[in-house]
Amino acid sequence: MSVAVSLTAAISGMVLLVGALACLLVGQYHEYAVERSLNDAISCDEPAGEDPGVWLFVLSGEQWTGAGRVPPGLPLHDSMRAVASGGRPMEEAVEGNGTVYRVLTKRFGTEVRQVVLDESRQRRTRDGALAAVTVSGLTGLVVAVATGVMVARRALHPVARLLDRRCRFVEDASHELRAPLTRLHMRSQLLLQRADDLPEPLVTELRRMVADSRELGEVLDDMLRGARLRSDAPGDERVDLAEVAADLLGAEAGRLGERELVAVLETRAGPLVVLGVKSALRRMLSALVDNAIGHTPPRGRITVSVAAVDRGRTVELVVEDTGVGFDPAQHRVMFNRFVRGAAGRGHRFGMGLALAREVVESHGGTVVAAGRPGDGARFTVRLPAAPLRSH
């Protein structure tokens, strides 16, 4: 969709630019035609020309001559006298009789000439040209939108298929590797438990094997989460974020107790429902909670709060901890993939926060982080609230 919008915007911008240039050229040509008509008429020797929309008046001494049927209010005697007294040539616009007259007054030798041009004909020509440009521009915009959508669909179709195949490959590979990796991890643990009589160097390597196999399993988990998050397109399921948070903290009770952490859920009255995919939103919250658990030392506190803000138009989800915090300079990169903090435990492969941001943005929301070293961290997610159901 973003490609279609970008392409349509680019084509539309070009059409608008060409239209603006065409309108500018039409306006400039109108001025050029008027100026040329005035200068050609004022250079004529005869006071009356063949063009019925042009009148020429000549002031010689105190006598002036001109065409027979003169528009009311013309000629401009004051302008002719001013030029006759040594003034510079004057060009004026006079409105009257439902039209606009352009008046040019100029000295020619011992006489002063004033030519009057009825602009109605030139204006009709200009307005017709502008109307043609406008219609052409609107037609171009319609064609641009249609072309952008069509080209984007054709261009994105193979890309979408490729992404879908990649997600399926990651899921299949993760599932296929899960079983042998689990067996490898269990066997390494069994060997480590029976390694009392082995030399210390071998015991150390066994410990490393257990840690590496566990780490590889966690990497596979993150890869599988990433594939599933990208495959979950935003839907129209009504999801209560307070219920999701309560279920997740209940599921994490064992790990929280093992780490000697206290987790608290705070909710405020009001609709806390958003539209989306419940499984994806749960994984987003799980990533934020896992990040808090991994960066909070024993006897620390994790607070998850859900509230309706912006007069009920937005649901705000906040995950706050009393952990090690982070350098504010990392704020711009901490949501990038494979960016890891220097401290903490849990899934430390730089995927959790990146995947959480993908889920939030795909649901039309935002996520920001705030914190300082040694003063904990606070992650704030804001999602559009679901519309109230009509009774």
Side-chain angles (χ1 to χ4, degrees), residues 8-147:
T8 301
I11 299 177
S12 301
M14 294 177 61
V15 172
L16 292 175
L17 179 61
V18 172
L21 290 176
C23 291
L24 180 62
L25 290 176
V26 168
Q28 289 182 343
Y29 179 79
H30 169 76
E31 290 296 323
Y32 168 78
V34 170
E35 293 289 341
R36 181 174 180 180
S37 298
L38 289 172
N39 286 290
D40 289 346
I42 205 170
S43 301
C44 293
D45 293 331
E46 296 296 330
E50 297 181 357
D51 192 341
V54 179
W55 297 267
L56 178 64
F57 307 96
V58 178
L59 177 64
S60 179
E62 294 296 330
Q63 300 294 324
W64 69 272
T65 58
R69 300 185 63 180
V70 180
L74 296 172
L76 302 179
H77 295 286
D78 292 339
S79 299
M80 297 180 75
R81 294 190 185 96
V83 173
S85 301
R88 295 181 179 180
M90 299 177 63
E91 186 172 339
E92 303 162 271
V94 179
E95 295 185 9
N97 305 318
T99 185
V100 176
Y101 300 102
R102 291 286 288 273
V103 182
L104 175 62
T105 308
K106 192 174 182 180
R107 173 179 285 278
F108 273 78
T110 60
E111 62 184 22
V112 174
R113 294 184 180 185
Q114 184 177 91
V115 64
V116 178
L117 171 67
D118 183 353
E119 279 194 79
S120 56
R121 184 175 60 185
Q122 287 83 355
R123 285 177 178 265
R124 284 194 298 269
T125 303
R126 181 198 63 184
D127 293 343
L130 290 176
V133 170
T134 302
V135 172
S136 301
L138 293 176
T139 303
L141 287 177
V142 173
V143 174
V145 173
T147 303

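If you read the sequence from its start, that first residue is 1, and numbering goes on from there.
In this view, Arg81 and Asp78 satisfy the salt bridge (Lys or Arg N to Asp or Glu O under 4.0 Å) rule, not counting sequence neighbours. Applying the side-chain hydrogen bond (donor to acceptor under 3.5 Å, both in side chains) test to Thr99 and every residue at least two apart in sequence or in another chain returns Asp118. In this view, Arg88 satisfies the side-chain contact (heavy atoms from CB on, under 4.5 Å) rule with no residue, not counting sequence neighbours. Considering only residues two or more places apart in sequence or on other chains, Asp127 meets the salt bridge (Lys or Arg N to Asp or Glu O under 4.0 Å) condition with none of them. The side-chain contact (heavy atoms from CB on, under 4.5 Å) check on Gln28 picks up Leu24, Leu25, with sequence neighbours excluded. Under the rule for a side-chain contact (heavy atoms from CB on, under 4.5 Å), the partners of Ser79 that lie at least two apart in sequence or sit in another chain are Leu76, Met90, Glu92, Thr105, Gln114.
Taking both residues in full, the closest heavy atoms of Val100 and Ala93 are given as CG1-CB, 4.4 Å, listed atom of the first, atom of the second, then distance. The two atoms that bring Arg113 and Phe108 nearest to each other are CD-CD1, 3.9 Å, heavy atoms only.
Of the residues listed (Val54, Val58, Val103), the one engaging Val115 in a side chain to side chain contact (heavy atoms under 4.5 Å, CB included) is Val54, and it is the only one.
Between Arg107 and Pro89, every side-chain heavy-atom pair lies at or beyond the 4.5 Å cut-off.
Contacts classified as salt bridge (charged side-chain N to carboxylate O under 4.0 Å, His left out) and involving residues 12-28 (residues at least two apart or in different chains) are not found. For residues 15-33, every residue pair satisfying the salt bridge (charged side-chain N to carboxylate O under 4.0 Å, His left out) rule, not counting sequence neighbours, is listed here: Glu31-Arg102. Residue pairs meeting the ring-ring contact (aromatic ring centres under 6.0 Å, His included) criterion with at least one partner in residues 71-107, sequence neighbours excluded, are Trp64-His77.
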